[in-house]
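None of the values given here were measured: they were computed from a predicted structure. To find a chain, count down the sequence lines: A is the first, B the second, and so on, and within it residues start at 1.
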There are 2 protein chains.
Amino acid sequence: MEKFQLPTLEDVARQAKVSTATVSRCLSRPETVRRSTRERVMQVVGELGYTPNFGAQAMAAKRTNTIGAVIPTMDNAIFAKGLQAFQEEISNRGASLLVASSSYRKDVEEKQIRSLIARGVDALLLIGDDRDNEVYDYLAKRRIPYVLAWNHRKGARHTFVGFDNFRAAYEMAERVVGYGHRDIAMIAGVTDSNDRARDRLSGVRQALSDHGIPGLAVTECAYSIDAAGDVFETIVSGDRRPTAIVCGNDVLAAGAIIRAKSMGVEVPRDISVTGFDDIELATVVEPGITTVHVPHGRMGRSAATALFTALENRRPRSRRLETRIVERQSLAAPRQ
Amino acid sequence: MEKFQLPTLEDVARQAKVSTATVSRCLSRPETVRRSTRERVMQVVGELGYTPNFGAQAMAAKRTNTIGAVIPTMDNAIFAKGLQAFQEEISNRGASLLVASSSYRKDVEEKQIRSLIARGVDALLLIGDDRDNEVYDYLAKRRIPYVLAWNHRKGARHTFVGFDNFRAAYEMAERVVGYGHRDIAMIAGVTDSNDRARDRLSGVRQALSDHGIPGLAVTECAYSIDAAGDVFETIVSGDRRPTAIVCGNDVLAAGAIIRAKSMGVEVPRDISVTGFDDIELATVVEPGITTVHVPHGRMGRSAATALFTALENRRPRSRRLETRIVERQSLAAPRQ
DNA sequence: TTGGGCAATGCAAGCGCTTACATTCCTGTG
DNA sequence: CACAGGAATGTAAGCGCTTGCATTGCCCAA
């Protein structure tokens, strides 16, 4: 490949007959440069098509204007919407987003975190709080601000921007009980390395126990329609069929509902099903899924805001977003 | 914030009693260093918890191991799946992914491309080929390799890794005609700045025209279930109701189907509907959507491969992936 | 033993930018 | 008209790494 040179700060400086310092200031703190000088410089910048060299800028300024995010997977509407909003906010503020995914695996997540940091991200968005302490220590040692999203825990050492999975699940379970259900099963997400799944599970457990309903049958299940369908089939074919199934999220609920249909089981007449997240899927299956609405967009934007607060060396505050139950048709009173 | 220093190459070098050059080589081309030396160095690297400084490395090596992607939106399963696969492949090869989204707007996309390049990405993934020539000139001038995905055009100057939207849409339209439909309408995506939407539209047009069916009524529509529902309602309420509606993608088709249900119009008995993309949504609505299956995962991985080929200074080849029609229940013969 | 030749290592010059500090230029005031 | 003092600009020292080239070390053949 033949040689070619991009213009440098020095080229601009020379042509505008100022020092490199002045050019640099024109670009980063224009108000410190006299108007006439600034205009001359910017003119040359335009003519030459000058763009700062990223590496040099990063090295000299010790900052990359890049924010990292490690999410379980992009291929799931739960994260897509929030991440999209997060990205827009980041981008509006002149920074960029470096994303990595962990496939819900703790070891992979840790590797990705280290890799993003090695790549010079100024701050990190992480999902939930279930990771080894060394990871947090590492972040602290490197002075990397971070925000934990998609969950919220009171009085914790971390900055959360999310919602209370436990409480939301508790309320949903209470709602199910309120409809008169006593035989309730749960299809939960895989709880290993997943505090959100775990909190939703405990929320349901707690609610039932508070209402004097013993022995919740729980099956953990990967977030896939088919897998959830299989679990549903097993549950329904068992000797004691529950009258309601609380699902860890909408994907699981959709899987249950779709399988029910193909088995000739009618939802909610024969069995009720509830979801969590309120993604598009919940509105699209028939019957519509009664689920917990989560303000994903607001969460993403808010997480970005918190991160920028941290980058300004101000302590960001945790923020708990409200969820609410959206009733559609998949939950009804049990048949007598 | 108190001062703190991360260990540098020099710290490692000093402690391992070698030069910085040797440490650098241990890290990047270990085979050029004698085993005993290398082990001693790596030992110190471990003890100190040394990580290369990204900015310095980028500046000195003129390469960031970072790949950029500008997609219309993350919040759409069409891109999510492909991007997830792309990211995994990138990550496996030791690079990172910088993503930005354009909201289907040409001007925003251009800004994002420039911003990613300013951020030092080594290569770019872009969707489709509909952009101003200056953008390609800019990429050429900066010597940034790029791959265009989600579409494929024969003999073009660009590297495509995608599928032939025109042909796939053509085949789908032919299939619809094959079922006996003559009154066909189309709900297309917004074609402005979107070559995929445009190609799908022309594919359908061409097929109908080749089969002697004149006058396709087309309505463009944003990719949203509700918007598509509204369009569907308008079409169906018109004085000449078509017997089939070909949709630009599955989201549009789902919107049509859902609205049909609420209007008491039965699909496919009263009207047939087809989709495009074969996202999860297509399997979840009732009736299931007859659609064009696109190998999103393979496309994402393949795009990554092509990009790495380009980065090794070898000319990457365009690649056309096969699509196929998946028949579900939303397409059937028209009633007599 | 000697020297050739390759492998291993060291030296040091950048890479392009930011910024603390020094210097120069203005402006308004006495 | 001189000068204080702030505003504008310049000077130059890094930032931490890679890599071309120079040097040293080592092994083996003669």
Practice item. Applying salt bridge (Lys or Arg N to Asp or Glu O under 4.0 Å), name anything that partners B:Glu47, two or more places apart in sequence or on another chain. Key: none
Practice item. Assign B:Thr22 to base, sugar-phosphate, or nothing according to its heavy-atom contacts below 4.0 angstrom with the strands shown. Key: sugar-phosphate
Check your understanding: If you look at every strand shown and take non-hydrogen atoms under 4.0 Å, does A:Phe54 touch a base, only sugar-phosphate, or nothing?
Key -> nothing
Point to revise | Toward the 5' end of DNA chain D, by each residue's nearest nucleotide, A:Arg38 or B:Leu9 | key: A:Arg38
Review point. What orientation do B:Phe160 and B:His152 show, parallel under 30°, tilted 30 to 60°, or perpendicular over 60°?
Key: tilted
Check your understanding: On DNA chain D, nearest-nucleotide positions of B:Gly55 versus B:Arg25: which is more 5'?
Key -> B:Gly55
Review point. Quick one: is B:Ser19 getting a side-chain N or O under 4.0 Å of the C:dT9 phosphate, OP1 or OP2?
Key: no
Point to revise | Test: A:Arg93 cationic atom under 6.0 Å from A:Phe308 six-membered ring centre, within 45° of axis | key: yes
**Study point:** Atom pair CD/CD of A:Gln112 and A:Glu109 - distance to nearest 0.5 Å
**Key:** 9.0 Å
**Study point:** Covered region of DNA chain D, 5' end to 3' end, by chain A [heavy atoms, under 4.0 Å]
**Key:** D:dA8 to D:dG16
Point to revise | Partner residues of B:Glu39 under the side-chain hydrogen bond (donor to acceptor under 3.5 Å, both in side chains) criterion, sequence neighbours left out | key: B:Arg35
Check your understanding: Hey, are A:Arg14 and A:Asp11 close enough for a salt bridge, meaning a charged N less than 4.0 Å from a carboxylate O?
Key -> yes
